[in-house]
Amino acid sequence: MAELDQRERRIAKLDKLRAAGVDPYPPRSSCTHTTAHALAAFEALGEGEKLHSRVAGRLVSMRVMGKSTFAHIADGSGRIQILARQDVLGAEPYQAFKQLDVADFISVEGSMFRTHTGEVTVQVENYTLLSKALRPLPEKWHGLQDVELRYRQRYLDLLSNEEVRNVFITRTRIVSAIRRFLDARGFLEVETPILQPLYGGAAARPFTTHHNALDQTLYLRIADELYLKRLIIGGLDRVYEIGHNFRNEGISTRHNPEFTMTELYQAYADYNDIMRLVEELYAAVAQEVLGATHITYQGQDIDLTPPWRRITMRQAILDASGIDIATVSDYASLSAAVQAKGYSFGKLPNWGKLIEKLFDETVEPNLTQPTFITEYPIDISPLAKKKPGEPQLVERFEFFIANMECGNAFTELNDPLDQRERFAAAARDYTAGEEESHPMDEDFITALEHGMPPTGGLGFGVDRMVMLFTDQTSIREVILFPQLRNKD
RNA sequence: GAGCCGUUAGCUCAGUUGGCAGAGCACCUGCCUUUUAAGCAGGGAGUCGUGGGUUCGAGUCCCACACGGCUCACCA
């Protein structure tokens, strides 16, 4: 019991260092190379040339062999071996070096050489403690495996699991590639409110909060849509936002309450233009980040090369279930047709919801290769423009890759009176108990009444795109700090 | 919200039919000047997720709860 644990031992060392006049957390550090640069510079040396370098990083391993000690230090660029020798450092500094702990940050300075086994190494001529660590690192061979600890202490996960680090580096590259793609096409990146007096643009339950000074209820946004369209009305013809949406709903391997969505709006475009943009964007990002337009997801080869398959929802459902939704154009007859085929989905609020359910059950599980599903029911699409000659359908598509719904787009509804009607219908659902329906947004209608050009709009989940590109099956593996329940 | 599975040392994991709580890494002591999962010798380390129960005796069986994972439900 009297035995000191590892943390207590390290605190005792800290006290000893301070007593000896050493600052264990000095305010500044300096180095001449990152570990990767030092290794590259050494390899580039000519015959007979020497390289003296100072590198800094976290001590990640130590092999003490009496009067000499090998160790590795790691920085963001990689790791490098260092060799401390008593005859080079002097007896006292060498003893002090051996008192360092794995996980401490140090900088070391010295000339570089190659060991007998061929590893490029810095001969430590002097060193400085940069930051003392009080806790040990996870197991050096297996890394941190406990999923809960990995999420709660992601820094340890990143430190000890290289694959995890690579997933998040790839995530950042994907987001950068999206930006580059859209910037190059003249889209303007904007920021719209996250705290909104009224939520909208999607069907989801919001998080509710309160502003004290205004004494007013505010909602965390569930979508960017209605603000971005205001910008289209304002004459910013191509806008996009990559931001967080917040939906107060269940958590699963595909849903985190806070997630990242790219939304974009392009004036004088329609949903056909947006389809071409989507397939080009995914292919371009894949090419840039992964170096190919083919990806492997959970062992399946997926070809993102444009053009992608396009099929109407009517045809897709007909192929999968034998039901032609065009011939059963009201809820009762569709419901009868669905039951006749042996499905039972329970009572749904309207014709469109039933179609959506039928689609989810019969078509979606088979959408492995990238597919655009087009022409959605109007009653589940309150912000999309009607399809000419098809009063029950709108110009909308969703796209699916690896059986995942990856994004949603439409020719935007710019008829303010029609929009008011759609909101009113949704508001009736809302009072009828559909919590996730749109509330009436008078301020947005007013904006539309000032005139919005024909516009195509798109939203796609960045997290799901990252899952696809990094071959991950859980959204928590692509979000640095996924939402977890409090431990106590 | 439901079902199934998991929770043992700082980390990775064993733990038999209910019978003294184990290993590797990490840590500590000693030896060791080219190691790299360094090596050799010795040592310390546990609220077995939490709380009840059954039992002479519970890491192990039963109940409840907590947290996590997966599946489902939910989910534009």
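Proteins get letters first, then strands, A, B, ... in listed order; numbering begins at 1 in each.
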Completion exercise
Whether each nucleotide of nucleotides 22-27 of chain B has a protein heavy atom under 4.0 Å at its base (B), only at its sugar-phosphate (S) or at neither (-) is summarised, 5' to 3', as --BBBS

Exercise for the section: Give, ordered by number, those residues of residues 79-88 of chain A having at least one heavy-atom distance below 4.0 Å to an atom of RNA chain B; if nothing qualifies, reply none. Expected result: Q81(A), R85(A), D87(A)

Exercise for the section: Quick one: the dot-bracket string of RNA chain B, using Watson-Crick and G-U wobble pairs with both distances under 3.5 Å, [ ] for crossing pairs and | for bases paired to another strand. Expected result: (((((((..((((.....[..)))).(((((.......))))).....(((((..]....))))))))))))....

Handout entry: Contacts of H142(A) that satisfy side chain to side chain donor-acceptor pair (under 3.5 Å) - sequence neighbours left out
Key = E139(A)

Practice task
Identify, with sequence neighbours excluded, every residue that meets salt bridge (charged side-chain N to carboxylate O under 4.0 Å, His left out) alongside R221(A).
Solution key: D224(A), E241(A)

Handout entry: Set of side chain to side chain donor-acceptor pair (under 3.5 Å) partners for Q266(A), sequence neighbours left out
Key = none

Practice task
Name every residue in residues 456-475 of chain A that has at least one heavy atom under 4.0 Å from any atom of RNA chain B, in order of residue number, or write none if there are no such residues.
Solution key: S474(A)

Exercise for the section: Please name all residues satisfying side chain to side chain donor-acceptor pair (under 3.5 Å) with E119(A), sequence neighbours left out, ordered by chain then number. Expected result: H72(A)

Exercise for the section: Between A45(B) and U71(B), how far apart are the P atoms? Round to whole Å, please. Expected result: 42 Å

Handout entry: No-H, no-angle donor-acceptor pair, T115(A) side chain to U35(B) base, under 3.5 Å
Key = yes

Exercise for the section: Quick one: which residue pairs count as a ring-ring contact (aromatic ring centres under 6.0 Å, His included) with a foot in residues 82-113 of chain A, not counting sequence neighbours? Expected result: F97(A)-Y127(A)

Handout entry: side-chain contact (heavy atoms from CB on, under 4.5 Å) against N366(A), all qualifying residues, sequence neighbours excluded
Key = none

Exercise for the section: Sticking with atom P, work out how far C70(B) lies from A23(B), rounded to a whole angstrom. Expected result: 33 Å

Fill in the blank from the handout: Residue pairs passing the salt bridge (Lys or Arg N to Asp or Glu O under 4.0 Å) test with at least one member in residues 78-97 of chain A, sequence neighbours excluded, are R85(A)-D87(A)

Practice task
Taking side-chain contact (heavy atoms from CB on, under 4.5 Å) as the test, write out the residues that go with S160(A), two or more places apart.
Solution key: P138(A), L144(A)

